Amino acid sequence: MIKIAKQPTYEIQNVVASVTLNQRLDLEKIAERIPHAEYSPEQFPGLVLRLPRPKTATLIFSSGKMVCTGAKSEAEVQKAVKSIIKLLKAHGIDIKNEPIIEVQNIVASANLRGTVDLERAAFLLENSMYEPEQFPGLIYRMSDPKVVLLIFSSGKVVCTGAKKEEEVRRAVDNIHKLLKEQGVLFEEP
Amino acid sequence: RLRKWQVRARAQNSMERNLAQAVIELERLGAQLGLPKAVLDRALEIYRSALNSNLVRGRSIESVMAAAVYAACREMRLPRTLDEIALYTRAGRKDVARCYRLLLREASIKVPLPNAADFVPRIGSLLRLSGATIKRAMEIIDQARNAGLTAGKDPAGLAAAAIYIAAIQNGEMRTQKEVARAAKVTEVTVRNRYKELVKRLDIKLPITKK
DNA sequence: ATGTTACTTTTTAAAGC
DNA sequence: GCTTTAAAAAGTAACAT
């Protein structure tokens, strides 16, 4: 029988990107013209615009910079930003420059397909923190790629801090290899 | 050269003033939590190292000292939760927790993993349970750990469930509500842990239905 | 006793306090 | 440092039914 090594699986859950329009924006005017826009300057300087598809929330600042959150991929970020700009234009807000989009953070969930001995992992892994009194997952700070992983005894993992999908893939492969090497991952698919 | 001496003297004075205030804070916390002197001494040592590492700058003396006290309790395996300590602090649990993580990372304080068994004696005495029941609860916790049922769970909740089961088995039954209150967790947590332990450890309970 | 909602942890940008 | 936004993980909590 051929042994097929069970590779960990992962799924991107959230992509956060910063957007630069290079022009000032009148948030008051946007808030007046777009009814579902949320704007409370005393609470937060950004105006919040939520899109149903792709399901995202974008923070818009008077400097013309924005932060788009909630997208499941870089392509969704692009779609969301295009939609936002189209929406603004449709309400009479002039946008002249092309948006400069930069992915700032990618959050992914992964499955190592096995159970993890968190207690032993906490002792063996140097940059880890495990405080079950506070949070059920072990927090592991990986240096390459520079991401933070939340590891649960179920073998489920959350990877955050990556700027490219490639980093997520490497981080998940690295932690899978590392936990196996340390003998704290018990694979059982 | 005089300038250098002045700077050093000023730094020394501010550190002494900070430490004096910290000791007052430590005594207050120690009295309210009823902590033994050994723990307070250790907490002061931890606070001193944090001060020497400039970790107190920009943070309240109160929060850092509360974090030092929590770290000392953990080191000496005293069953004090972070919430319990934060209760007597003006800063919230969140702030104390942040200072605690800072101590672990920047002051290289090493703290043993929390053990549910450490909570058993205190909860047991609050419920006035016998030594045999306390011993039985610790056995249950040991079995649970060996069966891999403790990962990620709140040690206080596990201790509460083990005590609940041990008390029933030794004919000293306490209600889930009483155990939950003594362990400072909710009834739901005691119930969830208890159900899991009974099921996964094949624990036989005397006919205690209803 | 169960169900719902909500909070704990982590990451990241934005402008201003 | 804080404020706001999204998202996952598993555990605990608060309040409703």
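In this text the structure is predicted, and so the values were computed from the model without any measurement. A note on names: the letters A, B, ... follow the listed sequences, proteins ahead of strands, and every chain is numbered from 1.
Closest to the side chain of B/Lys195, from the set D/dA10, D/dA7, C/dT2, is C/dT2. Of the candidate nucleotides C/dT12, C/dA15, D/dA9, D/dA9 has the atom lying nearest to any side-chain atom of A/Ser154. Side-chain atoms of B/Thr186 lie closest to D/dA14 of the nucleotides C/dT11, D/dA8, D/dA14. Of all nucleotides listed (C/dA15, C/dT9, D/dT5), C/dT9 comes nearest to the side chain of A/Ile139. For A/Val48, the listed nucleotide lying nearest its side chain is D/dT5; candidates were C/dT9, C/dT12, D/dT5. Ranking D/dT5, D/dA8, C/dT11 by closeness to the A/Thr160 side chain, first place goes to C/dT11. In the set D/dT5, C/dA15, D/dT12, the nucleotide with an atom closest to the side chain of B/Thr189 is D/dT12. In the set D/dA8, D/dA10, D/dT5, the nucleotide with an atom closest to the side chain of A/Arg50 is D/dT5. Among the nucleotides D/dA14, D/dT5, C/dA15, the one closest to the side chain of A/Pro45 is C/dA15. Closest to the side chain of A/Pro136, from the set D/dA9, C/dA14, D/dG11, is D/dG11.
Distance noted for atom P between D/dA7 and C/dG3: 24 Å (whole Å). Using atom P as the reference point in both C/dT9 and D/dA13, the two lie 14 Å apart (nearest Å). Rounded to whole Å, the P atom of D/dT5 lies 13 Å from the corresponding atom of C/dA6. Rounded to whole Å, the separation between the C1' atoms of D/dA9 and C/dT2 comes to 23 Å.
To the nearest angstrom, C1' of C/dT10 lies 9 Å from CZ of A/Phe152. Straight-line distance from the CD atom of B/Glu187 to the C1' atom of D/dA14: 13 Å, rounded to whole Å. Rounded to an integer number of Å, the gap from A/Leu51 CG to D/dA6 P is 12 Å. Rounded to an integer number of Å, the gap from CZ of A/Phe44 to P of D/dA6 is 12 Å. Rounded to an integer number of Å, the gap from CD of A/Glu131 to P of D/dA9 is 23 Å. Straight-line distance from the CE atom of A/Met142 to the C1' atom of C/dT11: 15 Å, rounded to whole Å. Residue A/Lys156 contributes atom NZ, which lies 10 Å from atom C1' of D/dA10 at whole-angstrom precision.
The pair B/Lys199-B/Glu196 fails the salt-bridge criterion, with no side-chain N (NZ, NE, NH1 or NH2) lying under 4.0 Å from an Asp/Glu carboxylate O. For the pair B/Arg128 and B/Glu178, the salt-bridge criterion is not met [side-chain N within less than 4.0 Å of a carboxylate O]. Taking a cutoff of 4.0 Å between a charged side-chain nitrogen and a carboxylate oxygen, B/Arg74 and A/Glu131 qualify as a salt bridge. Salt bridge annotation for A/Glu76-A/Lys79: absent, with no cationic side-chain nitrogen under 4.0 angstrom from a carboxylate oxygen. The residues B/Glu106 and B/Arg57 are annotated as not salt-bridged, no charged nitrogen and carboxylate oxygen being separated by less than 4.0 angstrom. The pair B/Arg191-B/Glu187 meets the salt-bridge criterion, since a charged nitrogen lies less than 4.0 angstrom from a carboxylate oxygen. Taking a cutoff of 4.0 Å between a charged side-chain nitrogen and a carboxylate oxygen, B/Arg48 and B/Glu45 do not qualify as a salt bridge. For the pair B/Asp95 and B/Arg59, the salt-bridge criterion is not met [side-chain N within less than 4.0 Å of a carboxylate O]. Ion pairing of A/Asp173 with A/Arg169 is present here, as a side-chain N (NZ or NE/NH1/NH2) and a carboxylate O approach within less than 4.0 Å.
Side-chain polar atoms of A/Glu133 and B/Tyr70 form a donor-acceptor pair below 3.5 angstrom. In summary, the side chains of A/Gln13 and A/Ser109 do present a donor paired with an acceptor at a separation below 3.5 Å, with no hydrogens or angles considered.
Each of A/Phe61 and A/Ala162 was matched to the nucleotide of DNA chain C holding its nearest heavy atom; the match closer to the 5' end belongs to A/Ala162.
Near-neighbour residues of DNA chain D inside residues 79-102 of chain B, defined by a heavy atom below 4.0 Å, number-ordered: B/Arg98. Less than 4.0 Å separates DNA chain D from at least one heavy atom of each of the following residues of residues 97-110 of chain A: A/Val107.
Residue contacts for A/Val157: at a heavy-atom cut-off of 4.0 Å it reaches no nucleic acid atom on any strand shown. Residue B/Gly152 is in sugar-phosphate contact alone, with no base atom involved, counting any heavy-atom pair closer than 4.0 Å across all strands shown. When heavy atoms are screened at a 4.0 angstrom cut-off, A/Val16 is found touching base atoms of the nucleic acid. Within the nucleic acid shown, A/Gly161 comes within 4.0 Å of sugar-phosphate atoms alone, with no base atom in reach, counting heavy atoms only.
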Just do the side chain to side chain donor-acceptor pair (under 3.5 Å) check on B/Arg28 and B/Gln32 with the steps written out, would you?
CA-CA 6 Å; B/Arg28 186 185 65 77; B/Gln32 296 200 261; 2.6 Å; yes

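Phosphate contact (OP1/OP2 of D/dG11, side-chain N/O of B/Arg193, threshold under 4.0 Å): absent. Distances shown here put every side-chain N or O of B/Lys184 at or beyond 4.0 Å from the OP1 or OP2 atom of D/dT12. Look at A/Ser18 and you won't find any side-chain N or O under 4.0 angstrom from OP1 or OP2 of C/dA14.
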